[in-house]
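Here's the structure, in structure tokens; my notes come after.
Side chains included, hydrogens not; waters and symmetry mates left out as well; all remaining heavy atoms used.
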Amino acid sequence: MNTTADSRLRSTMIVVALAATVTFGLAGCVPEPGTSISPRPSASRTSSASPSASAAPSPSTSPRPSAAPAGTPTKIPCGTLVSAQTVYDFNPNFGLDSSFSPKSGTAAATAVADNGTACSWLNQTSRDTFDIAVARPAASELASLRTKAATGTPASGLGDAAYFSTSGGVGRVDAFTGAYFLVATSVYFGSATDAKNLVTAALGALK
């Protein structure tokens, strides 16, 4: 046998075998058609912690400015607003009620809410009263009060303007002079004339 020819044949067979092995190995790495290759997920990055709700700036807790007064303070002693002699002349059975506190929704309560003065005199026999209140409300409210009062009957000789009205048997006089508002109420007031002396005295105390 030819030794050289055998050696070449063996070498050729080894090369072919190696080539087949390499080709088979590569073929096993090729993905089948239609198969996608997903890349390996990369290591997750360390994310910074999201700010918590408590980290949000808190709203300001500074106090709100206090509301402006509803009106100019008008504090007049009841004995000065209507003197004891004037009350006696109206009816000697009336006396000042020092414990008076106006009920909510009344004209006197409106005056007090505007930093005004409200007074009441009590009949010692019948327990009926007459109330007089004065205030210097803001200009816009004064105009509103005057507009509402104007639905009543005009009463002459009392301040710049005055009106009389009744409700539930109670007579009421609304009088306006300068920046002042005055209201007088009582079951004793059947007309503006019945309250005229009391209202005139109270208006005089405002000057």
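Hydrophobic clustering (side-chain heavy atoms under 4.5 Å, transitive across Ile, Leu, Val, Met, Phe, Trp, Tyr) keeps Val173 apart from Leu145. Note on Val82: it does not cluster hydrophobically with Leu122, by side-chain heavy-atom contacts below 4.5 Å among ILVMFWY residues.
At a cut-off of 3.5 Å, with distance as the only test, no side-chain donor of Ser144 or Thr147 sits close to an acceptor on the other residue. Looking only at atom types and distance, the side chain of Asn123 has no donor-acceptor partner in the side chain of Asp128 under 3.5 Å away.
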Quiz item: Where do Val87 and Leu96 land on the side-chain contact (heavy atoms from CB on, under 4.5 Å) test, with the steps shown first?
Solution: CA-CA 9 Å; Val87 173; Leu96 180 64; over 6 Å; no
Practice problem: Would you please test Thr185 and Val183 for side-chain contact (heavy atoms from CB on, under 4.5 Å) and show each step? | Solution: CA-CA 7 Å; Thr185 59; Val183 59; 4.1 Å; yes
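With hydrogens and angles ignored, the 3.5 Å screen pairs no side-chain donor or acceptor of Thr117 with any backbone N or O of Val134. Side chain of Glu141 to backbone of Ala139: no donor-acceptor contact under 3.5 angstrom is found. Judged by distance alone, the side chain of Asp97 and the main-chain N or O of Ser99 form a donor-acceptor pair under 3.5 Å.
Note that the OG1 atom of Thr177 and the CG atom of Leu206 stand 7.0 Å from one another [nearest 0.5 Å]. The OG1 atom of Thr106 sits 7.5 Å away from the CG atom of Asp131 when rounded to the nearest 0.5 Å. In this structure, Phe94 CZ and Ser120 OG are separated by 8.5 Å, a value rounded to the nearest 0.5 Å. Taken from CG in Asp114 to CZ in Arg136, the straight-line distance is 12.0 Å, to the nearest 0.5 Å. Distance check: Ser83 OG to Asp89 CG gives 7.5 Å after rounding to the nearest 0.5 Å.
Contacts classified as salt bridge (Lys or Arg N to Asp or Glu O under 4.0 Å) and involving residues 147-158 (residues at least two apart or in different chains) are not found.
Not counting sequence neighbours, Thr153 has no partner by the side chain to side chain donor-acceptor pair (under 3.5 Å) test. Among residues two or more places apart in sequence or in another chain, the salt bridge (charged side-chain N to carboxylate O under 4.0 Å, His left out) test is passed with Asp174 by Arg172. By the ring pair (Phe, Tyr, Trp, His ring centres under 6.0 Å) test, Phe176 is found to be paired with Phe181, residues two or more places apart in sequence or in another chain being considered.
A 6.0 Å sphere centred on NZ of Lys103 holds no more than 12 heavy atoms belonging to other residues, nucleotides or ligands.
Summarising the geometry of Ala179 relative to Pro137, their closest heavy-atom pair is O-CD, 4.0 Å, with the distance given to 0.1 Å. Here the closest non-hydrogen pair linking Ala108 and Pro102 is CB-CB, 3.6 Å. Scanning both residues, Leu81 and Ile76, for their nearest heavy atoms gives N-CG2, 4.0 Å. Nearest approach of Ser186 to Thr129, heavy atoms of both residues: OG-O, 2.8 Å. Summarising the geometry of Ala133 relative to Ala111, their closest heavy-atom pair is CB-CB, 3.6 Å, with the distance given to 0.1 Å.
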Name the atoms and distances for all side-chain donor-acceptor pairs under 3.5 Å in residues 160-170, with sequence neighbours left out.
from	atom 1	to	atom 2	distance (Å)
Asp160	OD2	Gly178	N	2.7

Donor-acceptor pairs under 3.5 Å, side chain of residues 192-204 to any protein atom, not counting sequence neighbours: which ones?
from	atom 1	to	atom 2	distance (Å)
Asp194	OD2	Gly190	N	2.7
Asp194	OD2	Ser191	N	3.2
Thr200	OG1	Lys196	O	2.8

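In this structure, Trp121 and Asn91 have side chains that are not in contact, with every pair of non-hydrogen atoms separated by 4.5 Å or more. Taking 4.5 Å as the limit, some side-chain heavy atom of Phe130 sits within range of a side-chain heavy atom of Phe90.
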